[in-house]
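Step one of this worksheet: look at the structure below.
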Protein chains: 2
Amino acid sequence: MTAEFPVKATHTSARVLRTVAEADGVGVSELARRVDLSKSAVHKHVQTLTALGYLTREDDDYHLGLALFELGTAARDRLPVYEAALPAIDRLADVSGGVATLLVYESGRAVAVAQTRANGSLSPPIREGDGGPLHATAGGKTILAYRPDEEVERLVADGLDAVTQKTITDGDALRRELQSVRDRRVAFDREEYAEGWQAVASPITDSEQQAVAAISVSGPTERMSGKTLEEDITGLVVSAAKSIENDLL
Amino acid sequence: MTAEFPVKATHTSARVLRTVAEADGVGVSELARRVDLSKSAVHKHVQTLTALGYLTREDDDYHLGLALFELGTAARDRLPVYEAALPAIDRLADVSGGVATLLVYESGRAVAVAQTRANGSLSPPIREGDGGPLHATAGGKTILAYRPDEEVERLVADGLDAVTQKTITDGDALRRELQSVRDRRVAFDREEYAEGWQAVASPITDSEQQAVAAISVSGPTERMSGKTLEEDITGLVVSAAKSIENDLL
DNA sequence: AACGTATGTTCACTCATCGAGAACGGCGGG
DNA sequence: CCCGCCGTTCTCGATGAGTGAACATACGTT
């Protein structure tokens, strides 16, 4: 048995969870349609997940339950880089006036694990708990630059989806970009993930020069113009990431 | 079939998750011992949970995966009270110099959903993502005071565990305490949950006067002495909770 | 007011599957 | 060198996950 999900029922429950997360507030019938299962089967899953606290019932609609928040918090708190980076991103947000984010790499994805917004800053396209594509964000690109070549090639082979018109979709362009990231330990995102949003990021690597995480500062294009972004803020982000990296060794 | 967990395999996977959360970094054999299953069965669960991103493998040890953080964040973000209370708890922490916490009630438990610490404040006994007993914390007691009597009676019948020597363990004492909470919309925790820690809390109720959440400020006993706690800070907490409550109507 | 159709819930039934147990290869300590 | 532990794989049998039909209930329409 070399299936990807040896325990099918668990996989099904996970699909139910994911569906509830997407369509917040759904009933059994609607859920059964979306996951393509019989009402009775879904009913059993929903009942189990509710008893576990993974779901919560309001009237006849289900929502994600706070037991997931407990587990999720534990998943975040165990990361050494989280505690180490917290003060730094607070300070970064403060002095830059933008949004500072800690992205953590895990099995092919980068998740925004902590985020601080300067007061008055707008809501960024990637928020705490979101996972972003590795080729289309500043943080993702810094991480990718410090991952094995095979991983990059796999990504390229799978196809680089265009998120905006400026997203890098060409393999060679990406490879060049990653090389330049390795030269300077910085990546920029010039509206490659969201129109009107830019970002700078720098990687946090382990002792084998493998990416563990990335720190980024982002903001709306009109507020973070070329000079400020590429000179002042860039320096701050790079040195913050380096300093966290040293703390972790 | 009126079992509590109709889908047994999902329940089992949940037990695996909980066990991994408790003993961070465990292998298959250790896990099999703790959940009392065969190695092969645990292996299957761990494999599916890893494929789902709910677990992550480091060497041969498993840890909670960031997919749980994604779900957990979504579970928190959907709560209207969360967004509404964020600025208030930031401000509360700032002016009080202590730790401000938003506790949300869900199916018999109260979970710390957001927490802000004044800079320099110590690490509190209940942290973001933790669930606390309803009878032994300030926030828990305010919530309990605005829940149906049956729920209180059920809790009393199940037995009020002593967390510290000062925890309320007597049913009548609890009932009296809750009545006084209803009079003033405040509860205090005088080292009932952790030695050396005190707290004030005030409830956030819905249009039917049912507790939805609670706001609390806590700090070490020596820093939050009687007068400051019971007069200055109390007023701030009560009015903050009231103001959030109004925003939600 | 009676209908039609949506919902959530319960019930037998059946085949796939979850879990047990034994066996394998690999690693590390005595 | 070998014993013991580890993670992984296999076969196999009991059980439980999922189906589909039936039920009660609520709602909007005719």
Side-chain angles (χ1 to χ4, degrees), chain A residues 1-65 78 106-108 208, chain B residues 1-65 78 106-108 208:
Chain A
M1 171 80 57
T2 321
E4 199 177 1
F5 304 102
V7 183
K8 208 178 159 193
T10 295
H11 181 218
T12 304
S13 275
R15 279 173 53 219
V16 170
L17 284 179
R18 199 152 285 276
T19 308
V20 172
E22 284 163 12
D24 193 47
V26 276
V28 172
S29 297
E30 175 71 16
L31 217 36
R33 252 172 264 129
R34 298 212 195 192
V35 299
D36 197 39
L37 278 174
S38 67
K39 274 199 296 177
S40 56
V42 169
H43 185 255
K44 278 196 207 175
H45 280 273
V46 150
Q47 211 168 305
T48 310
L49 292 169
T50 304
L52 289 165
Y54 292 180
L55 289 181
T56 252
R57 187 176 176 165
E58 282 171 18
D59 298 315
D60 274 339
D61 286 343
Y62 291 89
H63 303 263
L64 296 185
R78 78 166 191 91
E106 186 178 288
S107 46
E208 279 123 11
Chain B
M1 170 80 56
T2 320
E4 198 177 2
F5 303 102
V7 183
K8 209 178 161 193
T10 294
H11 181 219
T12 305
S13 275
R15 279 173 52 219
V16 169
L17 283 180
R18 200 152 283 278
T19 309
V20 171
E22 284 162 12
D24 193 47
V26 276
V28 172
S29 297
E30 175 71 17
L31 217 36
R33 252 172 263 129
R34 299 214 194 189
V35 298
D36 196 40
L37 279 174
S38 69
K39 275 199 296 177
S40 58
V42 169
H43 185 254
K44 278 195 205 174
H45 281 272
V46 150
Q47 212 167 305
T48 45
L49 291 169
T50 304
L52 290 165
Y54 292 179
L55 289 181
T56 262
R57 186 175 176 166
E58 282 171 19
D59 299 315
D60 273 340
D61 286 342
Y62 291 90
H63 303 263
L64 295 185
R78 78 167 191 90
E106 185 178 290
S107 46
E208 279 123 12

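As the structure is a prediction and not an experimental result, all values here were calculated from the model. Below, all heavy atoms of this structure are taken into account, side chains as well, without hydrogens, waters or symmetry copies.
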Among dT9(C), dG8(C), dG21(C), the nucleotide that comes nearest once only the side chain of Tyr62(A) is considered: dT9(C)
Pairwise distance CZ(Arg78(B)) to CD(Glu58(A)) - rounded to 0.5 angstrom: 4.5 Å
Closest to the Leu37(A) side chain, choosing from dG8(C), dA20(C), dT19(D): dT19(D)
CD-CG distance between Glu106(B) and Leu64(A), expressed to the nearest 0.5 angstrom: 9.5 Å
Position toward the 5' end of DNA chain C (nearest nucleotide), Asp60(A) or Ala41(B): Asp60(A)
Distance in Å, His63(B) NE2 paired with Thr50(B) OG1, rounded so as to fall on 0.5 Å steps: 11.0 Å
Identified side chain to side chain donor-acceptor pair (under 3.5 Å) partner of Arg57(A) from the options Asp59(A), Asp61(A), Asp60(A): Asp60(A)
Rounded interatomic separation in angstrom, taking CZ from Phe5(B) and P from dG18(D): 17 Å
Rounded distance in Å - CG (Leu31(B)) to P (dT8(D)): 12 Å
Side chains of Ser13(A) and His45(A), donor plus acceptor under 3.5 Å: yes
Pair listing, side-chain hydrogen bond (donor to acceptor under 3.5 Å, both in side chains) test, anchored in residues 30-39 of chain A, at least two apart: Glu30(A)-Arg33(A), Glu30(A)-Arg34(A), Ser38(A)-Ser40(A)
Closest-nucleotide 5' rank along DNA chain C - winner of His45(B) and His43(A): His43(A)
Length of the CD-P vector between Gln47(A) and dG18(D), whole Å: 14 Å
Residue mapping more 5' on DNA chain D - nearest nucleotide basis, Arg33(B) or Asp36(A): Arg33(B)
Whole-Å gap separating C1' (dT7(C)) and CZ (Arg34(A)): 16 Å
Nearest-0.5 Å distance that lies between atom OH in Tyr54(A) and atom OG1 in Thr48(A): 11.5 Å
Gap between atoms NZ and P, on Lys44(B) and dG7(D) respectively (whole Å): 17 Å
Side-chain donor/acceptor contact of Lys39(A) with base of dG8(C) under 3.5 Å: yes
Sugar-phosphate, base or nothing in reach of Ser29(A), heavy atoms under 4.0 Å: sugar-phosphate
Strand contacts (DNA chain C) in residues 7-26 of chain A, 4.0 angstrom heavy-atom criterion: Val7(A), Lys8(A), Ala9(A)
